[in-house]
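Working notes for the structure below.
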Amino acid sequence: MSGGGCSIVWFRRDLRVEDNPALSAGVRTGQVVAVFVWAPEEEGPYHPGRVSRWWLKHSLAHLESSLKSLGTSLVTKRSTDSVSSLLELVKSTGATQLFFNHLYDPLSLIRDHRAKQALIAQGVTVQSFNADLLYEPWEVNDEQGHPFTTFAAFWERCLSMPYDPEAPLLPPKKIISGDLTRCPSDTLVFEDESEKGSNALLARAWSPGWSNADKALTAFINGPLIEYSKNCRKADSATTSFLSPHLHFGEVSVRKAFHLVRLKQVSWANEGNSAGEESVNLFLKSIGLREYSRYLSFNHPYSHERPLLGHLKFFPWVVDESYFKAWRQGRTGYPLVDAGMRELWATGWLHDRIRVVVASFFVKVLQLPWRWGMKYFWDTLLDADLESDALGWQYISGTLPDGRELDRIDNPEFEGYKFDPNGEYVRRWLPELARLPTEWIHHPWNAPEYLLQAAGIELGSNYPLPIVGLDAAKSRLQEALSIMWQQEAASRAATENGTEEGLGDSSEYAPVAFPQDVQMDEDIEPSVRAEPPRNRNHLPGPNRQFEDQMVPSITSFVRAEDDETSSDVRNSAGESRGEVPATNMNVNMNMDLDTGSPGTGVLQTTRTGPNIPPAHYNFTTGVYNGAEDSTAESSSTTSRRERDGGVVPVWSPTTSAFSDQIVGDENGVGASSSYLPRHPQSHQLVNCQQLSQTGPVSR
DNA sequence: CGCGCTTTTAC
DNA sequence: TAAAAGCGC
């Protein structure tokens, strides 16, 4: 596999030189041009928030200096279209090969597919790798070759695969640089003046960059790991791994983490240290959840905006931006929730347990549309990660087959004493409650007046009363749920009568729109985004409250035009349409438990409305033969290495008819038995010839 | 050792 | 809530 020209190594969220298969492949072929393309507009509403951009900035600087010391440098490009930038780069460098590592979020699946096609059309050899997961999503299936639909089964399988995850690769010793004279770097701007102050604080707590990530991993494994199972249920424990942002940007290889942790496990097992072993299992499980989030995203690329179990689309959300704001600002009146939200606001970080608490409160007590909450997490979390966040919010919203029940309201007071028994966490983040005795710290509304006075608390004044009482929330939730089930049943009946054509748009899932956001409006002119400072000037005055989060794209929510319609998902199709990521594909990704086959957990999709331009969910991996192209190699005897090399997750929108079933086996588009035999394990390379098989798949 | 009880914890 | 795990008898 050697070409005449140089190779482009396209860095994305794999910002490391160690165990980076794309980089290693590039180095093996000769001259390397390492490139990072910054094209936030491509991500639609999910362009990185302030803290993510801060991280990225430093991580890239770190990578750049590593590449420099190895003999090359990092070409940075500012772009609104990654693929065009790559094509230009091919021209200016004369590159004949492109290497990159896989990503699994819906936007990347599409973009990377497009990139591959476009470059192959130019005669470039493209090869992509797994650098982000222990196993590629398509490798992990049940006995029938179907993807798992519950985490436990998925993870059990991962831990008992017939082959181990790839061993981590060493960093290259030296990189021969391609000729960079004709491809000057653009200066990338990741923060504006107004953000610098807030960002400065981040540097005190975090050190982005792959070698720092590596240090963090080592430090964690040799230190807090052994106590992980004890401490992982304390809100303010400083003993979580803190690896998630490093992992999100691919600064540390999850396979390396896995191997090191397993080594530790073996030695603890030999010592009979069962607490240590349990800790390892728990930590591995959190790695497993991360794997599972990619798995879900790959198998259901709408999981960031559509509930996986369809009933939720009939849930009558409370579209109330004052609730939303109270939640964001940590002024709900529930100390644990508020402490969490203040911590998130201040630091971009939140313990996993507390994420569950605040998200659950958001969905079940406030009954705000879950995607708002997810979007806010996206904008504020340092480790914001589309796949993980989608998994988390779906879990909370009860739309995973193994998620938590939607009708069970968690009691923040109770959880407060569970995760923060001494109230230290609340006192740290809610100084106004600091003087309240622990006995009342998680339910100040019950505290005797004299105690409140002594503690300097005036409820409703310097700390709010609960904005929604739990009893009220419970009955409101019951009401909402009964409406939801009624609607769901009605819809199902309509579908079974075959009248769904007549219903048209109501069978389409239309999520509640994000609150109208000035920045979102400006999506029409992508270039505006490039310069956040100017952007800020467009914000209408009244919405720029100093106390609000200094987070681009969410600080400026204004009320949706007509809340009446957007409070009902079925009526808000028109409004919300423009808010979904620009890829504008409308596969209905709902999974409905197939009641017809009890106990089997078979999942089905519901049908999309006939008026929706359907997308074709192509699970073909690697070489781009169409779904119906049975000439694809089905060798299952190829080696591991080959398996990893040529395979690319493909999410390709086409104009073909939409499949009724995701997990079906007849039509060859499901993530089911149909794609296992088609899995082109023997293909390392994608070339022009194969491209010709790539066209839109029609059935 | 097995039986019902409480406790834990869910992605 | 509900299934599994711990636990006292």
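Computed over heavy atoms, backbone and side chain alike; hydrogens, waters and symmetry mates excluded. Since we're looking at a predicted model, the values are computed, not measured. Just so we're on the same page: letters track the sequence lines, and every chain starts at 1.
Both geometric conditions, a ring-centre gap below 5.5 Å and a plane tilt below 30°, are fulfilled for Tyr395(A) over the base of dC11(B).
Distance Asn411(A) CG to dT1(C) C1': 15 Å, rounded to the nearest Å. In this entry the distance linking OH of Tyr295(A) with P of dC11(B) reads 16 Å, nearest Å. Atom NE2 of His304(A) is separated from atom P of dC11(B) by 24 Å (rounded to the nearest Å). What separates NZ of Lys474(A) from C1' of dT1(C) is a distance of 13 Å, to the nearest Å. Separating the CG atom of Leu309(A) from the P atom of dC11(B) is a distance of 15 Å, rounded to the nearest angstrom. Remark: C1' of dA10(B) and CD of Gln394(A) are 17 Å apart, rounded to the nearest angstrom. Between Leu406(A) atom CG and dC11(B) atom C1' there is a gap of 15 Å when expressed in whole angstrom units. In this structure, CZ of Arg408(A) is placed 9 Å from C1' of dA2(C), rounded to the nearest angstrom.
Comment: Asp338(A) does not engage Arg342(A) in a salt bridge, judged by the lack of any side-chain N to carboxylate O separation of less than 4.0 angstrom. The pair Asp105(A)-Arg111(A) does not meet the salt-bridge criterion, since no charged nitrogen lies less than 4.0 angstrom from a carboxylate oxygen.
Within the 6.0 Å centre-distance limit, the rings of Tyr135(A) and Tyr163(A) are counted as a close aromatic pair. For an aromatic pair to be called close, the ring centres must be under 6.0 Å apart, and Tyr425(A) with Phe419(A) fails this.
Taking the six-membered ring where the residue is Trp, Tyr417(A) and His443(A) present perpendicular rings, their angle passing 60° and hence far from 30°. Between Trp372(A) and Phe324(A), the angle of the ring planes lies from 30° to 60°, which puts this pair in the tilted group.
As judged by a 4.0 angstrom heavy-atom cut-off over every strand, Asp410(A) is placed among residues making no nucleic acid contact.
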For nucleotides 5-9 of chain B, tabulate all protein N/O to nucleotide N/O atom pairs closer than 3.5 Å, reporting atom names and distance.
{"from": "dT9(B)", "atom 1": "OP1", "to": "Arg233(A)", "atom 2": "NH1", "distance (Å)": "2.8"}
{"from": "dT9(B)", "atom 1": "OP1", "to": "Arg233(A)", "atom 2": "NH2", "distance (Å)": "3.3"}

